[in-house]
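Heads up: the structure comes next, in structure tokens.
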Amino acid sequence: QVQLVESGGGLVQAGGSLRLSCAASGRSFSSLTMGWFRQAPGKEREFVAVSWNTGVTSYADFAQGRFTISRHNAENTVYLQMNSLKPEDTAVYYCAASSRISYYRAQGYDYWGQGTQVTVSS
């Protein structure tokens with residue numbers, strides 16, 4: 001079992017920045033695939049970024065160049081630094097973990113946090 005707790009969401013103006021954190025417990029963090037997803041009202045949950053246990057990362061097109069995922073294995077924490085935020089980035093952001101080599105499909109992740117709200121005002 002893995003428990004995930006996100007924090008760092010909030011209200012920010014367009015062009016601003018936020019850093020989300022996800023603290024994990026319960027299993028060897030360094031072996032996990034860690035992902036960030038988001039879900040806006042009335043829309044499906046979508047992939048944002050992933051950090052594999054090799055240190056390699058990948059991003060959705062909308063996140064490339066604006067968002068950065070990083071993991072600190074000693075702290076059992078994964079971060080999502082979000083810059084140049086836009087109103088369309090408004091969503092609940094979820095941290096997810098998998099013991100497999102998962103990628104952009106939500107079904108590939110076994111563990112989910114409760115989500116943190118990010119609201120970007122225009």
Side-chain angles (χ1 to χ4, degrees):
Q1 279 291 81
V2 177
Q3 293 78 43
L4 303 172
V5 179
E6 301 102 332
S7 60
L11 173 64
V12 64
Q13 288 189 330
S17 299
L18 281 175
R19 188 176 81 155
L20 307 183
S21 301
C22 173
S25 62
R27 188 180 173 133
S28 177
F29 179 79
S30 62
S31 68
L32 296 171
T33 296
M34 299 300 299
W36 284 98
F37 288 77
R38 70 183 188 183
Q39 188 166 19
K43 295 188 177 182
E44 293 188 354
R45 192 168 297 190
E46 64 176 348
F47 167 75
V48 177
V50 62
S51 172
W52 289 293
N53 60 10
T54 58
V56 176
T57 59
S58 185
Y59 298 88
D61 288 345
F62 66 81
Q64 189 72 45
R66 298 191 299 130
F67 295 3
T68 302
I69 187 171
S70 61
R71 64 191 297 159
H72 292 251
N73 290 336
E75 299 172 358
N76 288 355
T77 302
V78 62
Y79 300 96
L80 184 68
Q81 176 68 43
M82 304 187 294
N83 299 327
S84 302
L85 284 162
K86 306 174 182 179
E88 51 264 43
D89 293 319
T90 295
V92 177
Y93 283 71
Y94 295 92
C95 174
S98 172
S99 57
R100 296 164 284 165
I101 305 175
S102 302
Y103 190 4
Y104 61 88
R105 295 173 64 89
Q107 297 91 326
Y109 293 80
D110 305 305
Y111 308 102
W112 293 84
Q114 81 287 353
T116 185
Q117 176 71 46
V118 171
T119 302
V120 184
S121 63
S122 57

Checklist entry - Does the side-chain contact (heavy atoms from CB on, under 4.5 Å) test come out yes or no for Leu20 and Glu6, once each step is laid out? => result CA-CA 7 Å; Leu20 307 183; Glu6 301 102 332; over 6 Å; no
Checklist entry - What's the verdict on side-chain contact (heavy atoms from CB on, under 4.5 Å) for Tyr79 and His72, showing C-alpha distance, side-chain angles and the deciding distance? => result CA-CA 8 Å; Tyr79 300 96; His72 292 251; 3.3 Å; yes
Next on the checklist: Between Phe67 and Leu85, does the side-chain contact (heavy atoms from CB on, under 4.5 Å) criterion hold? Intermediate values first, please.
Outcome noted: CA-CA 9 Å; Phe67 295 3; Leu85 284 162; 4.0 Å; yes
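Heavy-atom neighbours of Glu44 CD from other residues, nucleotides or ligands within 6.0 Å: at or below the threshold of 12. Surrounding CG of Leu11 are more than 12 heavy atoms belonging to other residues, nucleotides or ligands, all under 6.0 Å away. Counting non-hydrogen atoms of neighbouring residues, nucleotides and ligands closer than 6.0 angstrom, the OH atom of Tyr104 reaches no more than 12 such neighbours. Other residues, nucleotides and ligands contribute more than 12 heavy atoms inside 6.0 Å of the CZ atom of Arg100.
Both Trp112 and Tyr103 are part of a single hydrophobic cluster, where members link through side-chain heavy atoms under 4.5 Å apart. Put simply, Trp36 and Val120 are part of the same group of oily side chains (I, L, V, M, F, W, Y) that touch within less than 4.5 Å, one to the next.
Residue Arg38 forms a side-chain hydrogen bond (donor to acceptor under 3.5 Å, both in side chains) with just one option from Thr90, Asp89, Thr116, and that option is Asp89.
Ile101 CD1 to Asn53 CG: the interatomic distance, rounded to the nearest 0.5 Å, is 7.0 Å. Of the inter-residue distances, the one linking Tyr94 atom OH with Cys22 atom SG reads 13.0 Å to the nearest 0.5 angstrom. Between the OH atom in Tyr109 and the CG atom in Leu4 there is a gap of 11.5 Å [rounded to 0.5 Å]. Taking CE of Met34 as the reference point, atom OG1 of Thr77 lies at 9.0 Å (rounded to 0.5 Å).
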